[in-house]
Amino acid sequence: MARSGAGTAGITVQPSLFDMFYEEFLAQFMSAADPNEISQEFMKLKTDIERADFIMRLPFVRDFEIKNKAGIKCIEKAVRYREEGNKLFQSEQCTQAILFYNKSISYCPHPSYEQFQQGIEQEQEKVKEVQFADDIKDKNKRVPSKYESLSLSYGNRSAALRKLNQYEDCLRDIARAAKFGYPKANIYKLWERKGKCYEGLKRYDLAAKCYRQALQCVKESNLGEREKASKTGEIQGLLKLLRNTVETSSIAYQEEDEEDQQDFKQAEPSSSQGASAPERPGRKAQAQKPSPTTPNAQASNHMVKAASQVSISHISTTGSIRPDFEVPELTYGHNPRLPSASIAIDLHFSPERGRYFIATQDLGPGDVILREEPYAAVLESVFRVNHCAHCLRKTPTPIPCYECATVQYCTETCRDLSWLEYHSVECGVLSYLEPSRCLGRLPHLALRIVTKTGLQSLIRHTQTPLPTRDQVDPGLFDPTSYRSVHNLAANTDKRTFEDLLKKTAEAIFMAKCLKFNGFFGNPSSPTPESQRAEIFISSLLLRHLQVAATNGLEMAECILKNNDITKFDIIPVGGAIFPTMSFFNHSCYPNAMRLGYQNHQVVRVIRLIPKGGEVNIDYGFDFYATPLEYRQKRAGMNYHFKCECVACSHKWPVYDRLVDRPPQYRKKLTPELTMEIARQAANYQTAMEYLVRLDINKSIPILAEYLATMSELIVHPDARYLDCEEAYKQCLWLENRGFKVLKDKQVPKGLSNISLEKLKQ
């Protein structure tokens, strides 16, 4: 059964399994003798476990079962994507080709986790390092490796990466191609490619070894004699060019070394002086023999064939995998009661505000007051093609899951951590949660909380009394504990019948998915204990669907197109639960902001906050970009509160209405004060010039000073102050993200007099 996609004429989409489940469930639920009566009965239920049990008694829901995995490997799709990638590669469109190779790799059959840990060489002939004499007499009847399709896709992707000079990624893919059984007759291609990568990295000794291995493998290939001679000559030519490169670099190094040695001799004191001359910086390092790991040091002898062999299937470690950027540390140190928070803030409670943060000392722009990893985080499905499903790192060359084609990872380490922590019980069922017309956004965030915690831990935690959320626990708040997530606000009493009923159906459906994957034991042999566990987990999923709707935060990353600050944007790539961060209240004019750093979130101050003042963030809407009526509607519908921040209570206008309003000041303008305002305005322009050149480290302190000084002088809201505040936020996003300072000729044209309006476009 196909249905027309909403808003897309002429395109049909297959409804998701949950959509069909939910429609049938509603039909049976409302077909009761008196729908109003059953609805009232449902709303009288007090606990989530009562609600789950009530719905599970419906015959259709009770008997519904997941029967097959979704989003699984498919060799036909893998081959088709690889062939499309080959066409793009042949037309020199390597970047686009890699996207298709990525899809091919995700669909290729793959060893299971257990097989991979034991070593897939037990299932197939191990690729030898030098000699590849096949035992099969008739080479035309070669038996392909079980995972040859995977090896070919990795091999082809490595070719595209080499063309783009992405040598480290290419080396890793070469190793993977060999590990999964790349055809021995063509293994010379991998050796030659590996040699070119090492040559590009100036690892000439390793490049020479790889070229020699390639020559050996050409002899064992199934090429014709003429083709063998041609390829042999080609590789010998590469070796000759490499030798010339080495000799040239060696001569240059020797000349430089002779000059250094001469300087060293001239600076050396005579023995009769009895004391050494002052040490010249760097002299000791120059007097020593060159390190064998540097290109120049290798020049004299790294073309000599070594006895040791280079492995074709060993994952390259010539470049370490580091985070894309450093996560800033807490200012003023850790709060002993709240490990993720700074000592400069503390948690308070009031019946009107709930739990909230206040400043225990004066805070200034840039102060880092919270640094936290999520308890659980999930990617938006659209970003799974180029982001790691575990650490959320952007990953142009991902590796696949062991069993499904739904998620991908940046490294084998992330894949194994994901499998061991939660994905083994999510594998093959995530695809049932998307795409869907009926499911809420990121339903698998609630699922991830449950799968990451585990059944036994959930039972153990919920058997112990939990403090009510209307109090502040004086003890240590552990954000890594399930208790910290379970006790977040769910706002159940403020939800409508329709909302609760739908979330209950979502929870039960996800529990059915877990049951299919053996979360409660053998699904084909249910026991009374497993049935009770299914209802129990359904109730927890229901709770966490409500918790995620209120406390879930976006995981975002910043992008900057063409080094143009007016093309800066923040892209939500997923959602997460941060237990400590959930205590921040909302303001439409917040004094702090959230920043995303892959699998971390950081809160930094953007305005002066006096000791005792509340620290707040925004929940995705602010006064200068969003009209008052919309803000109040969103706060009520999504978060179940009426916003009474200063912007809402004083009905501040949006930014467009502030632009032409002249500035107003809290103090009488004296000559000294006028000069200070003029000085700050000039400094602001200087800071903006630094910003458009991406000289972030120079721009930040100037903007911070402007905000600190003018905050005490200006009457809020003020368009110029908002301009500076927005520029400062962008600086905090861009800080330490690897952007290089632009030269004058690199600065995009037309970036003078930047205003908030341009920055927000």
Side-chain angles (χ1 to χ4, degrees), residues 1-32 35 38-39 42 48 51-74 77 378 380-382 384 403-407 425-448 450-451 496-520 523-524 526 531 534-535 537-542 544-546 548-549:
M1 179 176 65
R3 299 195 175 183
S4 176
T8 309
I11 297 179
T12 59
V13 294
Q14 186 73 19
S16 72
L17 184 61
F18 174 78
D19 291 347
M20 293 186 285
F21 166 83
Y22 186 58
E23 289 173 1
E24 182 64 26
F25 156 70
L26 282 180
Q28 291 208 12
F29 186 86
M30 302 309 292
S31 65
I38 194 171
S39 300
F42 179 78
D48 289 328
R51 297 182 187 96
D53 184 51
F54 183 86
I55 299 301
M56 287 282 281
R57 292 178 185 177
L58 291 174
F60 167 73
V61 177
R62 183 189 63 230
D63 298 335
F64 179 84
E65 300 290 345
I66 303 291
K67 297 182 179 179
N68 299 292
K69 288 195 173 188
I72 57 176
K73 306 290 188 183
C74 176
K77 289 183 178 180
V378 295
E380 291 266 19
S381 58
V382 69
R384 288 184 185 148
E403 296 183 13
C404 76
T406 305
V407 297
V425 290
E426 294 180 1
C427 190
V429 298
L430 278 182
S431 293
Y432 285 133
L433 305 182
E434 67 222 7
S436 170
R437 295 179 291 104
C438 302
L439 272 172
R441 186 166 176 261
L442 295 176
H444 49 301
L445 180 53
L447 181 70
R448 181 63 50 79
V450 167
T451 56
T496 63
F497 163 71
E498 291 79 8
D499 186 30
L500 272 178
L501 185 67
K502 184 178 177 182
K503 282 183 167 55
T504 305
E506 291 177 13
I508 291 173
F509 180 83
M510 287 191 285
K512 296 283 188 181
C513 291
L514 293 178
K515 178 182 178 181
F516 170 75
N517 264 355
F519 192 71
F520 310 114
S524 60
Q531 292 171 343
E534 185 178 349
I535 296 174
I537 292 299
S538 296
S539 71
L540 291 183
L541 286 166
L542 172 56
H544 293 311
L545 283 167
Q546 299 171 76

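Counting from 1, the numbers follow the sequence of the chain as shown.
At least one donor-acceptor pair closer than 3.5 Å links the side chain of K502 to the backbone N or O of C438. Here the side chain of Q546 pairs a donor or acceptor atom with the backbone of L542 at under 3.5 angstrom. Looking at K515, its side chain never comes within 3.5 Å of a backbone N or O of Q531 through a donor-acceptor pair.
A distance below 6.0 Å separates the ring centres of F60 and F21.
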Please walk me through it: do I55 and R51 pass side chain to side chain contact (heavy atoms under 4.5 Å, CB included)? CA-CA 6 Å; I55 299 301; R51 297 182 187 96; 5.8 Å; no
Would you sort out whether F509 and Y22 count as a side chain to side chain contact (heavy atoms under 4.5 Å, CB included), showing the intermediate values? CA-CA 9 Å; F509 180 83; Y22 186 58; over 6 Å; no
Report the C-alpha separation of F54 and I38 in whole Å, then their side-chain angles, then the decisive distance to 0.1 Å, and conclude whether the side chain to side chain contact (heavy atoms under 4.5 Å, CB included) test is met. CA-CA 10 Å; F54 183 86; I38 194 171; 3.7 Å; yes
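The two residues F520 and A511 have their closest heavy-atom pair at CE1-O, 3.5 Å. Nearest heavy-atom pair, S538 versus I508, reported as atom, atom and distance to 0.1 Å: OG-CA, 3.9 Å. Residues F516 and P523 share a closest heavy-atom pair of O-CG, 3.9 Å. Taking both residues in full, the closest heavy atoms of A507 and L541 are given as O-CD1, 3.4 Å, listed atom of the first, atom of the second, then distance. When every heavy atom of M56 is checked against every heavy atom of R62, the shortest pair comes out as O-CB, 3.3 Å. The heavy-atom pair separating E426 from T451 by the smallest distance is OE2-OG1, 2.7 Å.
Atom NZ of K77 sits in a sparse spot, with 12 or fewer heavy atoms from other residues, nucleotides or ligands closer than 6.0 Å.
Taken to the nearest 0.5 Å, the CE atom of M20 stands 10.5 Å off from the OG atom of S436. Of the inter-residue distances, the one linking S431 atom OG with K69 atom NZ reads 11.0 Å to the nearest 0.5 angstrom. The CG atom of L501 sits 7.5 Å away from the OG atom of S39 when rounded to the nearest 0.5 Å.
Using the six-membered ring where Trp is involved, F29 and F25 have ring planes that are tilted, between 30° and 60° apart. A perpendicular orientation is assigned to the rings of F497 and F42, their planes being inclined by more than 60° (bins at 30° and 60°).
For the pairing with P443, the side-chain contact (heavy atoms from CB on, under 4.5 Å) check across L447, L439, L445 returns one residue only, L439. Tested against L514, the residues I66, V429, I537 include a single side-chain contact (heavy atoms from CB on, under 4.5 Å) partner, I537.
Taking E498 as the reference, nothing meets the side chain to side chain donor-acceptor pair (under 3.5 Å) condition, with sequence neighbours excluded. Under the rule for a salt bridge (Lys or Arg N to Asp or Glu O under 4.0 Å), E506 has no partner lying at least two apart in sequence or in another chain.
A side-chain N or O of D19 and one of S16 form a donor-acceptor pair less than 3.5 Å apart.
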